[in-house]
Amino acid sequence: CPAGCSGSAPLSFPGWERRAGCSPGSRQIQLWHFILELLQKEEFRHVIAWQQGEYGEFVIKDPDEVARLWGRRKCKPQMNYDKLSRALRYYYNKRILHKTKGKRFTYKFNFNKLVMPNYPFINIRPNGEWGGQG
DNA sequence: TCCGGAAAGT
DNA sequence: ACTTTCCGGA
């Protein structure tokens with residue numbers, strides 16, 4: 001797998017990402033895991049970032065780039081934001097995410113309802129959005 | 001831009 | 001089960 005696959009496991013979720021990337025033995029990383037992963041890394045803040053003020057809300061600042069990165073991770077070079085956002089929409093019924101209506105490219109994690117109860121070991125540490133000044 | 005059905009791939 | 005692909009509709 002080309003760049004971006006090795007050493008990019010900042011969150012040590014047990015079993016989530018055995019071998020990141022495209023190799024046959026790699027687990028199928030889920031999109032919301034991947035989103036959380038990007039959100040955690042400061043180097044992607046120009047691409048995706050937590051929304052100030054709203055807990056769990058994030059903005060995709062560069063949809064094409066997020067899609068490109070996701071496509072790279074999943075070895076789907078034809079990935080684009082249209083397809084990625086369809087996958088995000090499937091999370092609405094699953095109560096993982098919902099859309100922040102009226103705000104472009106803005107979604108919100110249902111941390112209270114789903115994520116925290118099921119994954120209490122997730123430590124949401126955005127790099128300075130709501131803990132400090134950034 | 002965003003939605004969600006439908007079909008297909010893994 | 002979790003997308004990926006495609007698309008008509010709002």
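No experiment lies behind these values; they were computed from the predicted model shown. Within every chain, numbering begins at 1; the chains are lettered A, B, ... in the order of the sequence lines, protein sequences first and strands thereafter. Excluded from the calculations below are hydrogen atoms, water molecules and symmetry mates; all remaining heavy atoms, backbone and side chain alike, are included.
Phosphate proximity of C:dT4 to A:Q78: absent, as no side-chain N or O sits under 4.0 Å from OP1 or OP2. At C:dT4, one or more side-chain N or O atoms of A:W70 fall inside 4.0 Å of OP1 or OP2 (strictly under the cut-off).
Across all strands, A:L84 comes closer than 4.0 Å to no nucleic acid atom at all (heavy-atom distances). In this structure, A:F34 reaches neither bases nor backbone, as no heavy-atom distance under 4.0 Å exists between it and the strands shown.
Rounded to whole angstrom, the span from the CE atom of A:M79 across to the C1' atom of C:dC2 amounts to 12 Å. Atom CD1 in A:I60 sits about 12 Å away from atom C1' in B:dT1, given to the nearest Å. The nearest whole Å value for the distance from the NZ atom in A:K83 to the C1' atom in C:dC2 is 16 Å. When the C1' atom of C:dT4 is taken as reference, atom CG of A:L88 falls 13 Å away, rounded to whole Å. Per the geometry, CZ belonging to A:R95 stands 19 Å off C1' belonging to C:dC2, to the nearest Å.
A:K108 places no side-chain N or O within donor-acceptor distance of the main-chain N or O of A:L97, the cut-off being under 3.5 Å. In this structure a side-chain-to-backbone donor-acceptor pair under 3.5 Å is missing from A:Y55 to A:F109. Between the side chain of A:Y107 and the backbone N or O of A:E57, no donor-acceptor pair lies under 3.5 Å. A donor-acceptor distance shorter than 3.5 angstrom exists from the side chain of A:K83 to the backbone of A:Q78, with no hydrogens or angles considered.
Cation-pi geometry between A:R86 and A:Y90 is satisfied (NZ or CZ under 6.0 Å from the ring centre, within 45° of the ring normal).
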Nucleotide by nucleotide, nucleotides 2-10 of chain B touches protein heavy atoms under 4.0 Å in the pattern (B base, S sugar-phosphate only, - none) SBBBBB---

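Across all non-hydrogen atoms, the minimal contact from A:N110 to A:H98 is OD1-CD2, 2.8 Å.
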